[in-house]
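Written below as structure tokens is the structure these notes are about.
Note that the structure is a prediction, hence the values are computed from the model and not measured. Both backbone and side-chain heavy atoms feed into the values below; hydrogens, waters and symmetry mates do not.
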Amino acid sequence: MADQADAPGTRGTLRIALEGTYPPFNFTDPVSGQLTGYDVDVARTVATRMGLEPQFVPTEWSEILTTLRAGRVDVAISQVIITPQRANAFDFSAPYCYSQSQLIVRENERATYRTLADLKGRKLGVHQNSVFEAQARAVPGIEIKRYPAVPEKLQDLAFGRIDALLDDSLLIGYLINQTQLPLKAGARIGPPLRVGIAMRKGRSGFKLAIDKALREARADGTLRALSLKWFGHDASSMARS
């Protein structure tokens, strides 16, 4: 089988698809020019514990799972939320991160959006081909604007071109602090979201090795430390501290 012949261990590398434009999860540091973020740190940790060298493959979000399915990378570590549909098509590691969908609104917003239904007749920005887009499309009457990356959608919200954004709750505080745009966190939407490492199906030994690396990183406090570094609280477990 191709997976066995070209297994990560035979190359000494772990090929990792990630978006590279989604802070604080994975993005290019403006000073060093190097990839950084929570996903990047987790990926380096997992690869090292597997005895492999991480090889990052920046990929537009809409193509990440396609690239994985085609075998051009070994895993996708890019805040990939585990959904039933994705779990039918790919194997996932145990979750290494827990989050939730959340609205972002302008700082001076007078309207109150407690649920997505409150946005009927309004313009809502979402990351294209994301879980957040699927959530928004499940509510009739919302005008949805799709974005390929973070900066443009934040600017559009700040300048009133859209009424709100729906995105990852772990992203919001970081971005508001970093961009200094007049935005604020809004209501959280729906149940907690589980984030895992995606891989092609049928590679049981490979999956076991990844889960072992994550289990060890959780047990010795590495995942918690990385989460505190990037988010200010422990998002690596359901019980946050």
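Note that CG of L226 is 9.5 Å distant from CZ of F231, once rounded to the nearest 0.5 Å. Q135 contributes atom CD, which lies 11.0 Å from atom CD1 of I144 (distance to the nearest 0.5 angstrom). Atom CG in L170 sits 7.0 Å away from atom OG in S227 (nearest 0.5 Å). Here the CG-CD1 distance, from L124 to I162, works out to 7.0 Å after rounding to the nearest 0.5 Å. Remark: K153 NZ to H127 NE2 distance equals 5.0 Å, nearest 0.5 Å. With rounding to the nearest 0.5 Å, the separation of CE in M199 from CG in D74 is 10.5 Å.
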Inset, instruction - Evaluate side-chain contact (heavy atoms from CB on, under 4.5 Å) for L18 paired with I77, printing each intermediate quantity in order. - result: CA-CA 6 Å; L18 81 180; I77 306 180; 5.7 Å; no

Inset, instruction - Decide yes or no on side-chain hydrogen bond (donor to acceptor under 3.5 Å, both in side chains) for D39 and S78, but give the supporting numbers first. - result: CA-CA 6 Å; D39 287 335; S78 190; 4.7 Å; no

Legend entry - Worked check of side-chain hydrogen bond (donor to acceptor under 3.5 Å, both in side chains) between T222 and R49: CA-CA 12 Å; T222 298; R49 289 170 188 257; 3.1 Å; yes

Inset, instruction - Let me see the working for S169 and S99 under side-chain hydrogen bond (donor to acceptor under 3.5 Å, both in side chains), right down to the final yes or no. - result: CA-CA 6 Å; S169 62; S99 188; 3.1 Å; yes

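Shown here for V80 and A198, the closest heavy-atom pair between the two residues is CG1-CB, 4.5 Å.
Using a distance-only test at 3.5 Å, with no hydrogens or angles considered, no donor-acceptor pair links the side chain of S62 to the main chain of N129. Side-chain atoms of R114 do not come within 3.5 Å of backbone N or O of A187 as any donor-acceptor pair. Counting only distance, with no hydrogens or angles, the side chain of T13 and the backbone of R15 share no donor-acceptor pair below 3.5 Å.
I81 and I172 fall within the same hydrophobic cluster, where Ile, Leu, Val, Met, Phe, Trp and Tyr residues are linked whenever their side-chain heavy atoms come under 4.5 Å apart, directly or through other members. Cluster annotation: F90 and L193 are assigned to distinct hydrophobic clusters (Ile/Leu/Val/Met/Phe/Trp/Tyr, side-chain heavy-atom contacts under 4.5 Å, transitive). When hydrophobic clusters are built by joining Ile, Leu, Val, Met, Phe, Trp and Tyr residues whose side-chain heavy atoms come closer than 4.5 Å, directly or via intermediates, V73 is not grouped with I197. One hydrophobic cluster holds both V40 and Y22 under the rule that ILVMFWY side chains link at heavy-atom gaps under 4.5 Å. Cluster membership for I64 and V126, using ILVMFWY side-chain heavy atoms within less than 4.5 angstrom, is not shared.
The distance between the ring centers of F132 and Y147 does not fall below 6.0 angstrom.
Side-chain contact annotation: Y174 with D168, donor-acceptor N/O pair under 3.5 Å absent.
The side-chain hydrogen bond (donor to acceptor under 3.5 Å, both in side chains) test applied to W230 returns D41, not counting sequence neighbours. With sequence neighbours left out, P182 forms a side-chain contact (heavy atoms from CB on, under 4.5 Å) with E107, A158.
Of the charged side-chain nitrogens involved, none lies within less than 4.0 Å of a carboxylate oxygen, so that R122 and E143 do not count as a salt-bridged pair. For the pair K123 and D156, the salt-bridge criterion is not met [side-chain N within less than 4.0 Å of a carboxylate O]. For D91 and K201, the salt-bridge test passes: some basic side-chain N is under 4.0 Å from an acidic carboxylate O. With respect to the salt-bridge test (charged N to carboxylate O, under 4.0 angstrom), the residues D220 and R215 do not qualify.
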